[in-house]
Amino acid sequence: MAEKPRIKLPKEAAKGEIIQIKTLVSHVMESGQRKDAQGKPIPRKIINGFTCELNGKPVFACTLEPAISANPYIQFNARIEEAGTFKFAWTDDDGSVITAEEKIALKA
Amino acid sequence: MTAINRRQAFALGGGFVALTMMPMAAHAQVSNDAAQSIAKFTGGKEPTKGRIALDLPEIAENGNTVPLVLNVESPMTADSYVKEVMIVADGNPNSGVATLMFTPLSGKAEASIRIRLAATQNVIAIARMSDGSLFTERKTVKVTIGGCGG
Amino acid sequence: MQYRYVGLVAAALAAVALGGVCASAQEAERKGIPAPRGHVFKTIISGYEFRTKETRALQDDDLENPGFLAVERAADVWKKAEGNEGKSCMSCHGEAEKSMNGVGAAMPKWDDKLNKPVNLEQRINICRTEKMKAEPWAFRSQPLTDMTAFVRYQSRGMPVSVKTDGPILQWFERGKQIYYTRYGQLDLACESCHERNNGKFMRADFLSQGQTNGFPTYRLRDQRLVPLHERFEGCMFDVRAEPFKPLSDEFLALELYVAWRGIGLPVETPAVRN
């Protein structure tokens with residue numbers, strides 16, 4: 001079940017300003033190292049990648065391994081040269097993608 | 001204040017000692033694929049120590065959720081920026097943790113994530129700059145297992 | 001000497017030695033609230049104060065706090081009609097921000113009809129079965145823990161204010177009796193750790209006062225929200241006792257009594273703990 005990711009960033013920024021972006025998404029991040037009560041290995045299921053772009057230009061991305069805690073938290077920055085739309089995408093091992101968008105305006 | 005008696009001290013402290021000792025024992029003998037991962041990333045080139053600030057707790061409250069803040073010194077302009085930073089842990093079942101990819105639009109080569117550490121071990125970051133140069137930093141994090149939270 | 005015994009002696013010595021040093025180093029920083037007259041503690045201290053600065057930081061920022069994933073899930077469920085009556089929580093209670101304000105800080109609370117106290121989980125399920133004609137949620141299930149956290153969150157910052165007089169008094173006394181009873185192979189009571197030895201470094205961790213103001217709480221160990229009775233079970237398991245059942249009369253009485261031990265502490269749900 002894809003839930004709404006939690007994202008925090010300012011609504012507007014001055015041209016050239018560097019803003020901080022915080023993201024948190026609900027995911028079990030099953031490492032593939034654990035066994036169930038019957039001793040059977042629990043298959044790996046993690047968010048293995050994340051990307052953030054602003055108006056189609058890459059801002060930040062990462063690949064993630066099972067050593068990332070459940071409910072992955074990713075914090076990074078962005079330099080704002082223009083108003084526009086941030087697109088965020090979290091890719092699951094099963095191929096599904098959690099997406100979100102946030103707008104940013106330029107301070108007058 | 002009443003001192004804990006001998007029996008209680010044993011009961012509270014001793015019960016899970018086997019568990020608390022395990023990670024240290026494991027640390028001494030196990031080495032995962034960290035060296036190979038680093039070699040693959042660097043192409044065998046020796047990274048220079050420095051320019052990276054790796055902020056991790058000296059002692060993790062819980063190995064399941066260890067906050068990590070990475071900061072690489074760089075002007076982050078189109079001419080000179082941090083391209084990617086590989087983070088590995090040398091005492092987990094697999095060394096991989098994350099690879100962070102920056103662009104000049106990142107503004108700062110700074111990121112924060114939360115990681116799992118199975119035992120006391122080194123966390124190593126290697127940064128590749130836009131000119132191809134490599135920098136590295138490492139931190140040892142003590143992970144204790146055995147508390148009531150463990 | 002057998003390996004096992006070497007370990008026991010080492011651990012016992014380490015526990016005592018570290019207990020002295022680390023506790024005093026951190027104690028000065030631990031802030032609490034003055035306890036009312038006749039209380040067991042002079043100062044009532046939240047579990048927050050016993051955690052590292054990194055763990056506290058996770059709780060301090062609502063975006064970084066993973067417990068809010070549960071709160072947000074339940075905020076959606078609050079509005080969703082379920083069961084044969086076609087009702088949602090909202091159908092009767094309106095906006096939770098108003099109607100639930102203060103409710104979670106005063107639980108468990110006496111219920112005249114049932115002639116016993118009920119806690120938040122039980123109250124939510126009573127609503128589901130009686131008013132919504134929906135299936136009750138299982139204890140420890142994600143929807144029940146989410147909703148418990150969501151309702152309790154509406155009291156965040158408000159003082160824990162359970163009533164202990166009147167007909168509920170005998171439940172309070174029962175809870176107190178359980179608190180001071182030694183259980184399990186390790187022969188320990190709640191009191192052994194959380195009253196007599198809180199602040200000491202034990203088993204690579206600081207013993208807290210065992211306060212409940214942050215529950216359901218996001219535990220780093222479990223990487224999810226943990227309801228209070230699951231934590232009680234964990235404590236009893238740790239002392240190698242046969243735990244009481246979640247939502248049993250025993251744990252309900254204990255929940256009431258332990259809530260009183262934290263009277264006046266601000267509700268921190270969803271807190272972040274080890």
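Of all heavy-atom pairs spanning B/Arg116 and A/Val28, the tightest one is NH2-O, 3.5 Å. In this structure, B/Pro104 and A/Arg79 approach most closely via the heavy-atom pair O-NE, 3.6 Å.
Side chains of A/Glu65 and B/Val97 form no contact here, defined as non-hydrogen atoms less than 4.5 Å apart. Residues B/Asn92 and A/Gln33 form no side-chain contact, since every pair of their non-hydrogen atoms from C-beta on lies 4.5 Å or further apart. Side-chain contact between A/Gln20 and B/Lys108: absent, with no pair of heavy atoms (C-beta onward) separated by less than 4.5 Å.
Interface remark: of the candidates A/Glu17, A/Met29, A/Lys22, A/Met29 forms the most heavy-atom pairs closer than 4.5 Å to chain B. Comparing A/Cys52, A/Ser31, A/Cys62, A/Ala67 by how many heavy-atom pairs each has under 4.5 Å with chain B, the most go to A/Ala67.
In this structure, chain A has heavy atoms under 4.5 Å from both the backbone and the side chain of B/Met76. At a 4.5 Å heavy-atom cutoff, the contact between A/Leu24 and chain B is made by side-chain atoms alone. Residue contact with chain A, scored on non-hydrogen atoms closer than 4.5 Å, involves the backbone of B/Val66 exclusively. Contact of A/Pro72 with chain B is not made at all, since no heavy-atom distance falls under 4.5 Å.
Side chain of B/Arg114 to backbone of A/Ile68: no donor-acceptor contact under 3.5 angstrom is found.
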